[in-house]
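Everything on this sheet refers to the single structure shown next.
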There are 2 protein chains.
Amino acid sequence: MARRQQEKSRQTKEELLASAMRLFGEKGFAATTIAEITKAAGYAKGSFYSHWAGKDDVFLEILERKMEEYRRERSRKLSHASSFEEIFNVIWDFLESIMDDMNWSKVFLEFTIHASRDPRLQAELNRSKYRLSNDIFSNLMGKHVRAEIPPEKVGSLNTALFEGFLIQNVLQTNVLNRQDIRNAALLLARAQCDVSESGEPTSAIKE
Amino acid sequence: MARRQQEKSRQTKEELLASAMRLFGEKGFAATTIAEITKAAGYAKGSFYSHWAGKDDVFLEILERKMEEYRRERSRKLSHASSFEEIFNVIWDFLESIMDDMNWSKVFLEFTIHASRDPRLQAELNRSKYRLSNDIFSNLMGKHVRAEIPPEKVGSLNTALFEGFLIQNVLQTNVLNRQDIRNAALLLARAQCDVSESGEPTSAIKE
DNA sequence: TCACTAATTGACCAACGGTCACTTTTCGAC
DNA sequence: GTCGAAAAGTGACCGTTGGTCAATTAGTGA
């Protein structure tokens, strides 16, 4: 049975994926051509299409992997957090680690907008795993959220603040810094959660 | 003196601009081709380039006009506002009118991301007029903002929240609604301004 | 009328995403 | 080893894009 053949195919796919990941990060999604991806990996253009239907699909696969990687990292840190403040800080440490990946946060935004004209991509982005902080807020902070507020709203508000800040980063506005945005997020989260301003340990938060 | 000729040229430019504006709104920036723009206006492709250097430039001109139009509308409403709550509400009524222009808020985001790879466009967007709520917050709400906080930060935070919400709108997430985002913005603005929670008339705000 | 200038045209170019008939490599049966 | 089938890999080719530019048309002032 054609074991070696499958293995070779998998290997090729990995090489193309690595090449695509590097180029997307360096030049962005639109500016990276398929011919570049295959050439950099040492293959012909046609090879690409035996693994993916187009640029969109290879990007979705890369996205999946990146998110998986991010999530793993986040879970590791979250295992030691339980109080409102601890959880909040882990989440924002995590969001800041995404910001550190400056090139990629740019590419994520680029693809998000690109996807907005295509229902398939839109659904893929929404369902799939991109919008990370939504679910995490619901799951982990649900117990803290005030009864009359749907927990997913807390997460979405957080995401909005985060992505709005990403846009300003991308445009190099340089008015807000990370602490500003984190303070704002904390303020909003507190307003939506049952946490006394001084009742719980707030030492981890610098204001 | 070649009056009629200049007039004709201006007319052509207007027609192309109108055509471009319509098509950008309908299909987005990337999906609209220059040939389409000129054909819809009844000209040949080459005509386009005697008025603009490329797609980016016609878009910048359209942006300028749209912003001017938005600003005029806003100024009209602002002339009757003075208190913290009134100003805040006028600003967010205005931001919501931008949201209503659903197609265009999509296109604005698209171009913003597109510009992020091009220093010239980036500078144009930042300096020019896109980021409207920044300056308006500084100018109009400056007197309310607490002394230790740079006024432009209040505006930037507002913009971040607004654009983050735009992204969720564009992706049709449907978790947050306008009231949610407005409440959040109000909460943040209050925290950064010298307004007593109940000292000033707050009747205009529904919470 | 006529020379001059400005407005307008569309064939042309390189580069793109995507297709597909073709060649090369791998494989199991003999 | 041999060989035919199947899989992996190739690159010329297609339609379309943004952008160029020599050629054409129309408006102008004397």
Side-chain angles (χ1 to χ4, degrees), chain A residues 1-21 23-24 26-62 107 110-111 113-115 117-118 120-121, chain B residues 1-21 23-24 26-62 107 110-111 113-115 117-118 120-121:
Chain A
M1 50 181 118
R3 260 294 162 78
R4 290 258 314 279
Q5 257 180 127
Q6 285 179 36
E7 175 55 28
K8 180 81 180 81
S9 176
R10 203 194 56 80
Q11 168 89 10
T12 300
K13 185 176 178 181
E14 272 331 292
E15 286 171 23
L16 288 175
L17 209 101
S19 173
M21 198 174 318
L23 286 166
F24 284 150
E26 279 172 21
K27 314 180 47 177
F29 178 75
T32 299
T33 69
I34 291 177
E36 275 178 324
I37 295 172
T38 53
K39 190 177 178 188
Y43 294 91
K45 193 167 52 157
S47 281
F48 181 93
Y49 292 93
S50 42
H51 297 286
W52 300 280
K55 248 211 297 190
D56 289 339
D57 291 75
V58 73
F59 189 87
L60 284 175
E61 188 159 343
I62 290 175
V107 179
E110 184 187 0
F111 191 78
I113 303 301
H114 166 71
R117 298 269 172 190
D118 181 331
R120 182 182 70 96
L121 295 181
Chain B
M1 50 181 120
R3 260 296 161 81
R4 293 256 312 278
Q5 255 179 134
Q6 284 178 36
E7 176 54 29
K8 179 84 179 82
S9 175
R10 202 195 57 80
Q11 168 89 11
T12 301
K13 186 174 177 180
E14 276 324 298
E15 287 171 23
L16 289 175
L17 209 98
S19 173
M21 198 175 318
L23 287 165
F24 284 150
E26 281 172 21
K27 314 179 47 176
F29 177 75
T32 299
T33 69
I34 291 177
E36 273 177 326
I37 294 173
T38 53
K39 190 178 178 187
Y43 294 91
K45 191 167 57 159
S47 282
F48 182 93
Y49 292 94
S50 42
H51 297 286
W52 300 280
K55 251 210 296 190
D56 290 338
D57 291 75
V58 73
F59 190 86
L60 284 175
E61 189 160 344
I62 290 175
V107 179
E110 184 187 0
F111 191 78
I113 303 301
H114 167 70
R117 298 269 173 192
D118 181 329
R120 182 182 71 97
L121 295 182

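In the text below, chain A, chain B and the rest are named by the order of the sequence lines, each starting its count at 1.
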**OP:** Could you walk me through whether A:Arg120 and A:Asp56 pass side-chain contact (heavy atoms from CB on, under 4.5 Å), step by step?
**Re:** CA-CA 10 Å; A:Arg120 182 182 70 96; A:Asp56 289 339; 4.1 Å; yes
**OP:** Report yes if the side chains of B:Trp52 and B:Leu17 come closer than 4.5 Å at any heavy-atom pair, otherwise no.
**Re:** yes
**OP:** Show your reasoning for whether side-chain contact (heavy atoms from CB on, under 4.5 Å) applies to B:Lys13 and B:Phe48.
**Re:** CA-CA 8 Å; B:Lys13 186 174 177 180; B:Phe48 182 93; over 6 Å; no
**OP:** Among the candidates C:dA11, D:dG9, C:dT19, find the nucleotide nearest to the side-chain atoms of A:His51.
**Re:** D:dG9
Subject >> Spacing of B:Asp56 atom CG relative to D:dG19 atom C1', expressed in whole Å >> reply: 13 Å
Original post:
Are the side chain of B:Glu110 and the backbone of A:His114 linked by a donor-acceptor contact shorter than 3.5 Å?
Top reply: no
Original post:
What is the distance from CZ of B:Phe29 to C1' of D:dG18, rounded to the nearest Å?
Top reply: 11 Å
Subject >> Touch class at under 4.0 angstrom, heavy-atom based, for A:Ser9 against every strand present >> reply: sugar-phosphate
Original post:
Quick one: B:Tyr49 OH to C:dC13 C1', roughly how many Å, whole number?
Top reply: 12 Å
Subject >> Side-chain donor/acceptor of B:Ser19 to backbone N/O of B:Ala40, under 3.5 Å >> reply: no
Subject >> Salt bridge flag under 4.0 Å for residues B:Glu36 and B:Lys45 >> reply: no
**OP:** Using heavy atoms and a sub-4.0 Å distance, could you list which residues of residues 11-18 of chain A are near DNA chain C? By number, please.
**Re:** none
Original post:
For A:Lys55 and C:dG17, is the shortest distance between a side-chain N/O and OP1 or OP2 below 4.0 Å?
Top reply: yes
**OP:** Give the rounded distance in Å between these two atoms: CG of B:Asp57 and P of D:dG18.
**Re:** 14 Å
**OP:** Please work out which of the three classes, parallel, tilted or perpendicular, describes the rings of B:Phe24 and B:Phe29, given edges at 30° and 60°.
**Re:** tilted
Original post:
So, is A:Lys8 near the phosphate of D:dA8, with a side-chain N or O under 4.0 Å from OP1 or OP2?
Top reply: no
Original post:
Is the distance from OP1 or OP2 of D:dA8 to the nearest side-chain N or O of A:Ser50 less than 4.0 Å?
Top reply: no
Subject >> Atom pair distance, as rounded to whole Å: CH2 in B:Trp52 and P in D:dG18 >> reply: 15 Å
Original post:
Among C:dG18, C:dT9, C:dA11, which nucleotide sits nearest the side chain of A:Lys45?
Top reply: C:dG18
**OP:** Please test B:Leu16 against B:Val58 for side-chain contact (heavy atoms from CB on, under 4.5 Å), starting from the C-alpha separation and ending with a verdict.
**Re:** CA-CA 9 Å; B:Leu16 289 175; B:Val58 73; over 6 Å; no
**OP:** List in numerical order all residues of residues 33-43 of chain A for which some heavy atom is under 4.0 Å away from an atom belonging to DNA chain C.
**Re:** A:Thr33, A:Ile34
Subject >> Any residue meeting ring-ring contact (aromatic ring centres under 6.0 Å, His included) with B:Tyr43, in chain and number order, not counting sequence neighbours >> reply: none
